[in-house]
Amino acid sequence: MEREYDFAAIEDRWMKTWISKKLWSAPEFPDPDRKRYLVTMYPYPSGDMHMGHVEIFSIHDSIARFYRMQGFDVLSPIGYDAFGLPAENAAIKRGIDPREWTYANIEKLHSSAQRLGCSFDWDRVIRTSDPEYYKWNQWFFLRFYERGLAYKKEAPVNWCPNDKTVLANEQVIAGRCERCDTPVTKKYLAQWFFKITDYADRLVDELELNVGWSDRLKMLQTNWIGRSYGAEVEFKIDGHHESVTVFTTRPDTLWGATFFVLAPEHRLAEELVRGTAKEQELAAFREDVARLTEIDRTSTERPKKGLFLGRYAINPVNDERIPIWVADYALLDYGTGALMAVPAHDQRDFDFARQYGLDVRVVIQPPDRPLDGATLTESWPHEGVMVNSGPFDGTPASDGVETVTKWLEESGIGRSAKNFRLRDWLISRQRYWGTPIPIIFCDRCGEVPVPDENLPVELPTGVDFTPKEGLSPLATAEDWVNVSCPNCGGAARRETDTMDTFVDSSWYFHRYTDPHNDEAPFDRAKADAWMPIDQYTGGIEHAVMHLIYARFFQKVLVEMGLARDPEPYPRLLNQGVITMGGKRMSKSRGNIVEPQEAFTRYGADALRLYMLFSGPPEAPFDWPPEGVEAIGRVTYPWLQRVWRLCEQNRDVVNVGEFHLGPAELALRRHIHRTVKIVTRDYESFSFNTAIARLMELVNNAHRYREVGGGHPGVMKELIETLLKLLAPMAPYLAEEQWHRLGHESSIHLEPWPTFDEELTKESTVTMVVQVNGKVRDTIDVPADISEEEMLQRALASDKIRSHLDGGEPSKVVAKPPKLLSLVV
RNA sequence: GCCGGGGUGGCGAAAUUGGUAUACGCGAUGGUCUCAAACACCAUUGGGCGCAAGCCCGUGCGGGUUCGAGUCCCGCCCCCGGCACCA
């Protein structure tokens, strides 16, 4: 009996069946040679599922189901990145606890993921706001602290005046808060940092271990870490006991240094003017600079401002006294916060020198046009030979850096050095909804770590969450803050800052391998059995946040003896962003397509297939303006077509060996060729072309039936193969039809179809004949044709003969069996 | 400025890595079915010339290598993205 494609009933039934039968449970220890650990970046539960989730889940889940059918032990887990600011802001707005908002959203997201047909291992779900999870954040913090990798320091830090919390450098995008887009300012605060800079070299060098990363992502991280090579040079200060070190990438221009610049906030600047007339001026200058947002401060449009300190540095290469200035273009936290200014060969120094009438001295002379500092209109940083450079006059600039650096080392004035743009990771947050930092401050003992046996330090409830300037809401929870010192028992106070949520996400994929462990964050043996992640999927927006922090964490875990692999996810797929009308989908913009509506109108299978068919997973996808109805135009009708094909042939009985005619043989060839190509497409995540190939097979099957074909054996082979190849992408329909064919067990546990190599080869192929590089005829020939035979057949063609113009080909290039190229 | 990725029909996109450019799909046009419409199915669909067989042009632009270039090389243009007063 034929039945309509009633996707709603089908999807609901199979969703429940799969979950109750725990079909996707992964073993504790996989077969080491046949394991696939597949992770998708866990979502932030800000509400119900949106199209971004649908896309990444569809990609990830199709991969997971494919490998499961390929016979791998697959671990495909999911969790929720449950701590974070939006929950807290929503809670303040509604006067509720962030827990309420967060766990309600998790419920929604959770059931939508199940509705979409995701084959996650539902017994391993992680929620980072559970004390059972964040206990281990605290545990890791303490281990980092013991290793000197966690430290508290007073420093000018990024401050978001809107969110009223500090931000890591990685969370400042073009001078603005990553979350709310507010211009960021600097604030002096004592903050906790993780010493990621200790690993800067490895974070660059070991990128090459990540063979499955895009060049783009590697480039993003490399740029972010910003390693540059050069030299450190010691400058003495006239009349001061202390010398100062500068970093330069151009030690060959040392002789061109005509002044010296300190960052306005530099401690040394203060010391150098103490008790002089300049003291007040510097204080005023500093205030001016502090008032600027980072956007203004680092804008190249704004004229540079500086202040001469009335003191002089001694250039060690020629003993010249050069004036010391503070200038707003010198940054405290890059290099040493001090620099030698070479206006002739650096544009910024040049602008500054012109503005304040400072000397400009050319020390690299281009061969063809003599330059001097007085007539220069812009800096000259390029090739030439060194001049005005004492012993190095005449040295080609190309050798300058190396030669001078060597000399600096020999003379004891400097040394080769490298410098990084990357700063230590600021992990303190002045907000409530995060992991409390497990430190206690005692007047007698100072910083005291919370003993392991007292973990977790749980978040107090009933706290006033309203943000305070530079103070965590936890500071108002007096009962919670005041504790006795674990060391001396005296009165002490808890650290009230919480951790950046990127701490949570730096190790969550280890926890999946052993999610219920209450003795340790995870068991090393279990983690080793699954790690490293075989395929990670997620957005590229985390390129210099999560994706760099977790790599740092991994390296520390290896040193702690908790992990083996230097890189946690050597293969990474960054899905493209989904937009509508070129803009990010958002409720306020009204350009949103709701997954729930797609479920109701067309079903999860049609939605998944639509996402996958839209293009390669990495490519951005602009959803068509008609919205959800696009699915009703593209993949939903096709699924109905597949359904119809199955229904029309469901009752075919396999009556044994029929004679296979040419039509049947051709169809079987198509089936086997499709298996071969589609398998390869899955392996390279080319879902869009895999679907195209399946469409061709379905078209062909309908065509075969229309001309009266109906061989039961071949149709059965076709339909069963088609369903299996489709199953990872459209799991519900495949399962339903599989059962309607009479099978008892799930199609998703069936072995992946194999193909007969012989059948993938065509017996005849189309030979293309070119004359002088142009296609002039196509001739059907046997696949095993010889070169001589090819030529004979070509010469037998009227079309070819007319193009040869009666002459003989002077050159023949044959690529049997498909191509013959003749030249006359 | 430095670095990365791109540019193929009206649209989303293919092209086994040097071998029939535009698979698959959307849209469009025509047709079958229908009282009619929707659905479904079939056909056509890069541009130009031609009654036709067929010919010419065509993968951002200009050169080059090759029997043959979307693919390789050289020089440009444009778009997207990252870093950037980073010494």
Exercise for the section: Return the residues of residues 256-267 of chain A meeting this criterion: a heavy atom under 4.0 Å from some atom of RNA chain B. Order them by number, or give none. Expected result: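 Heavy-atom cutoff 4.0 Å gives no residues at all.
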Exercise for the section: Can you run through RNA chain B from 5' to 3' and write each base as (, ), [, ], | or . depending on how it pairs? Watson-Crick or G-U wobble, both distances under 3.5 Å. Expected result: (((((((..(((......[....)))((((((.......))))))((((....))))..(((((..]....))))))))))))....
Practice task
Treat primed atoms plus P, OP1 and OP2 as sugar-phosphate and everything else as base, then score nucleotides 6-18 of chain B 5' to 3': B for base contact with protein heavy atoms under 4.0 Å, S for sugar-phosphate contact only, - for none.
Solution key: ------BSS----
Exercise for the section: Classify every nucleotide of nucleotides 45-55 of chain B by which part a protein heavy atom approaches to under 4.0 Å, writing B for the base, S for the sugar-phosphate alone and - for neither, in 5'-to-3' order. Expected result: ---------SS
Could you pull out every donor-acceptor pair under 3.5 Å between side chains of residues 692-702 of chain A and any protein atom, sequence neighbours left out?
unit_1, atom_1, unit_2, atom_2, d
A/R693, NE, A/E696, OE1, 2.8
A/N699, OD1, A/R641, NH2, 2.9
A/N699, ND2, A/M695, O, 3.4
A/N700, ND2, A/H670, ND1, 2.6

Handout entry: Pairing residues for A/S416 by the side chain to side chain donor-acceptor pair (under 3.5 Å) criterion, not counting sequence neighbours
Key =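 Per chain and number, A/S416 pairs via side chain to side chain donor-acceptor pair (under 3.5 Å) with no residue.
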Handout entry: A/E320: side chain to side chain donor-acceptor pair (under 3.5 Å) partners, not counting sequence neighbours
Key = A/N318, A/R361
Salt bridge (charged side-chain N to carboxylate O under 4.0 Å, His left out) involving [X] - partner list, sequence neighbours excluded:
| X | value |
| --- | --- |
| A/E55 | none |
| A/D777 | A/K799 |
| A/R267 | A/E242, A/E271 |
| A/E541 | none |

Problem - Proximal nucleotide (of B/rG82, B/rG19, B/rC85) relative to the A/T298 side chain - result: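 Nucleotide nearest to A/T298's side chain: B/rC85.
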All N/O contacts under 3.5 Å from nucleotides 38-44 of chain B to the protein, with atom names and distances to one decimal?
unit_1, atom_1, unit_2, atom_2, d
B/rC41, OP1, A/R641, NH1, 2.5

